[in-house]
Protein chains: 2
Amino acid sequence: MDNQQSEQLLQRKGLKKTKLRHALIQHFIKTQHAQSYADIKQALMEATDKSTLYRNLTAFEHAGLIHSINDYSGVTKYAFGEAPIQGNEHAHFVCECCETVYCMDGLAPLQLDIPKGFRAKRVQTIIRGICADC
Amino acid sequence: MDNQQSEQLLQRKGLKKTKLRHALIQHFIKTQHAQSYADIKQALMEATDKSTLYRNLTAFEHAGLIHSINDYSGVTKYAFGEAPIQGNEHAHFVCECCETVYCMDGLAPLQLDIPKGFRAKRVQTIIRGICADC
DNA sequence: AATTTAAATGCAACACGGTTGCATTTGTAA
DNA sequence: TTACAAATGCAACCGTGTTGCATTTAAATT
Ligand SMILES: [Mn+2]
Ligand SMILES: [Mn+2]
Ligand SMILES: [Zn+2]
Ligand SMILES: [Zn+2]
């Protein structure tokens, strides 16, 4: 009942099926929060070539299967689901205590009046604070 | 008339006066936009030891002389002025064309209702789009 | 089932941002 | 002038992310 889901997802996105990709999708499904390269590597002790993993992450992101998040720290994190653009906007909450990054769906996007000559395309909101677990 | 300013700033913040620090402040004053390590290094061809520069950047930030910004790219940028916290909030505009990062003062902070158990401390807004120069 | 082909992998090497330890130099205050 | 803490320079290191290239593998074609 687990392999079924990833099978379908990969098929629908026109991505070749490999062990790593199945494992990756399983991992994204089961973890609730955004995952860094280090997180994923640790979780998938097996089969983890750095470049392969990165290439798959970008492939997944390009296919709209995951989206990447840049919190204040220098590391990119990835979360399941499409990117927060055009109607799919959502903010990200970064816990200052446990460093966990949450996707916050259903937040009203702020309206801003930017200076003349500037054209805003998308707004990225990052909220820092203390999460419910801390 | 240029050295005067940096002299005062360093004194007020209780920071030792060095050539590099004067140059750094001059650079921050004259450039309008956020500066990455690479930007600064290129501008200050002279006297640029990597660790010294980084140590000064963090010292300046800690002293409230500059503030750091993390746009989508993995690189940290620094801009003159205090950090946008508690009443000093301001958003950052990242031009998708020229990569320039602008500090946008005077934007209304968005109000958000986050889930129960979460405590928001500060909100960081990054606007992507096309700047007035592009 | 055997063949073919494009895509995915593994590996090594690299670029770059950023940090740390330590010996030396320099600013500043006594 | 002396003395001490702070700043510098240097080298070595770590982690993220990328790239080129040879090899393997998934999946479509015969
Ligand atoms: Mn998200
Ligand atoms: Mn700013
Ligand atoms: Zn937490
Ligand atoms: Zn621009």
Side-chain angles (χ1 to χ4, degrees), chain A residues 3 6-25 27 34-63 65-79 94 99 101, chain B residues 3 6-25 27 34-63 65-79 94 99 101:
Chain A
N3 227 1
S6 46
E7 193 109 359
Q8 282 187 16
L9 276 175
L10 290 173
Q11 189 119 7
R12 196 185 317 157
K13 302 290 186 178
L15 293 163
K16 260 190 184 175
K17 302 169 198 163
T18 71
K19 286 207 75 173
L20 177 56
R21 290 187 172 172
H22 282 291
L24 254 182
I25 293 185
H27 180 66
Q35 301 289 304
S36 68
Y37 161 73
D39 295 334
I40 300 169
K41 174 180 181 147
Q42 196 185 9
L44 279 59
M45 310 171 286
E46 33 139 4
T48 36
D49 177 66
K50 212 204 313 194
S51 48
T52 304
L53 182 42
Y54 273 113
R55 278 191 277 236
N56 276 311
L57 287 173
T58 45
F60 277 16
E61 185 175 19
H62 198 259
L65 222 145
I66 61 176
H67 65 279
S68 63
I69 305 151
N70 298 95
D71 55 354
Y72 59 102
S73 81
V75 307
T76 304
K77 296 185 175 175
Y78 302 85
V94 180
E99 303 273 302
V101 175
Chain B
N3 227 3
S6 46
E7 193 108 2
Q8 281 185 17
L9 275 175
L10 290 173
Q11 190 118 9
R12 195 184 319 156
K13 300 291 186 177
L15 294 164
K16 261 190 183 176
K17 300 170 198 163
T18 70
K19 288 206 73 174
L20 177 55
R21 290 186 171 173
H22 282 291
L24 253 182
I25 294 186
H27 180 65
Q35 302 288 305
S36 67
Y37 161 73
D39 295 333
I40 300 169
K41 175 183 179 144
Q42 195 185 8
L44 280 60
M45 310 171 285
E46 36 140 2
T48 38
D49 176 66
K50 211 199 319 189
S51 48
T52 304
L53 183 41
Y54 273 113
R55 279 191 275 236
N56 277 309
L57 287 173
T58 45
F60 278 16
E61 185 175 20
H62 197 260
L65 222 145
I66 60 177
H67 65 279
S68 64
I69 305 151
N70 297 95
D71 56 353
Y72 59 101
S73 82
V75 306
T76 304
K77 296 186 175 176
Y78 302 85
V94 181
E99 301 275 302
V101 175

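Below, chains carry the letters A, B, ... as their sequence lines are ordered, and counting in each starts from 1.
Atom-to-atom, NE2 of B:His62 to C1' of D:dA6 comes out at 15 Å; the value is rounded to the nearest Å. Rounded to an integer number of Å, the gap from CG of A:Leu10 to P of C:dA7 is 16 Å. Whole-Å rounding puts the A:Tyr72 OH to C:dG17 P distance at 21 Å. In this structure, B:Asn56 atom CG and D:dA6 atom P are separated by 14 Å, rounded to whole Å. Spacing between atom CG of B:Leu53 and atom P of C:dG18 amounts to 10 Å, rounded to whole angstrom units. In this structure, A:Lys13 places its NZ atom 17 Å from P of D:dA27, rounding to the nearest Å. Following rounding to the nearest Å, A:Asp49 (CG) and D:dT23 (P) show an atom-to-atom distance of 16 Å. Nucleotide D:dT8 holds its C1' atom 15 Å from the CG atom of B:Leu57, rounded to whole Å.
For the atom pair A:Ser36 OG and A:Lys77 NZ, the distance stands at 6.0 Å (nearest 0.5 Å).
Residues passing the ring-ring contact (aromatic ring centres under 6.0 Å, His included) test with A:His67, sequence neighbours excluded: A:His90, A:His92. Applying the side chain to side chain contact (heavy atoms under 4.5 Å, CB included) rule to A:Glu61 yields the partners A:Ile66, A:Ser68, A:Tyr78; only residues at least two apart in sequence or on another chain are considered. Not a single side chain to side chain donor-acceptor pair (under 3.5 Å) links B:Thr58 to another residue, sequence neighbours left out. With sequence neighbours left out, B:Asp49 forms a side chain to side chain donor-acceptor pair (under 3.5 Å) with B:Ser51, B:Thr52. Residues passing the side chain to side chain contact (heavy atoms under 4.5 Å, CB included) test with A:His62: none are found, sequence neighbours excluded. In this view, A:Tyr54 satisfies the side chain to side chain donor-acceptor pair (under 3.5 Å) rule with no residue, not counting sequence neighbours. Residues passing the side chain to side chain donor-acceptor pair (under 3.5 Å) test with B:Thr18, sequence neighbours excluded: none.
In this structure, the side chains of A:Lys16 and A:Arg21 come closer than 4.5 Å at one or more pairs of heavy atoms.
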- Scan nucleotides 13-18 of chain D nucleotide by nucleotide, 5' to 3', and note B when protein non-hydrogen atoms come under 4.0 Å of the base, S if they reach only the sugar-phosphate, - if neither. ---BBB
Tabulated below should be each protein N or O lying under 3.5 Å from an N or O of nucleotides 22-30 of chain C; please produce it.
unit_1: C:dT28; atom_1: OP1; unit_2: B:Lys17; atom_2: N; d: 3.2

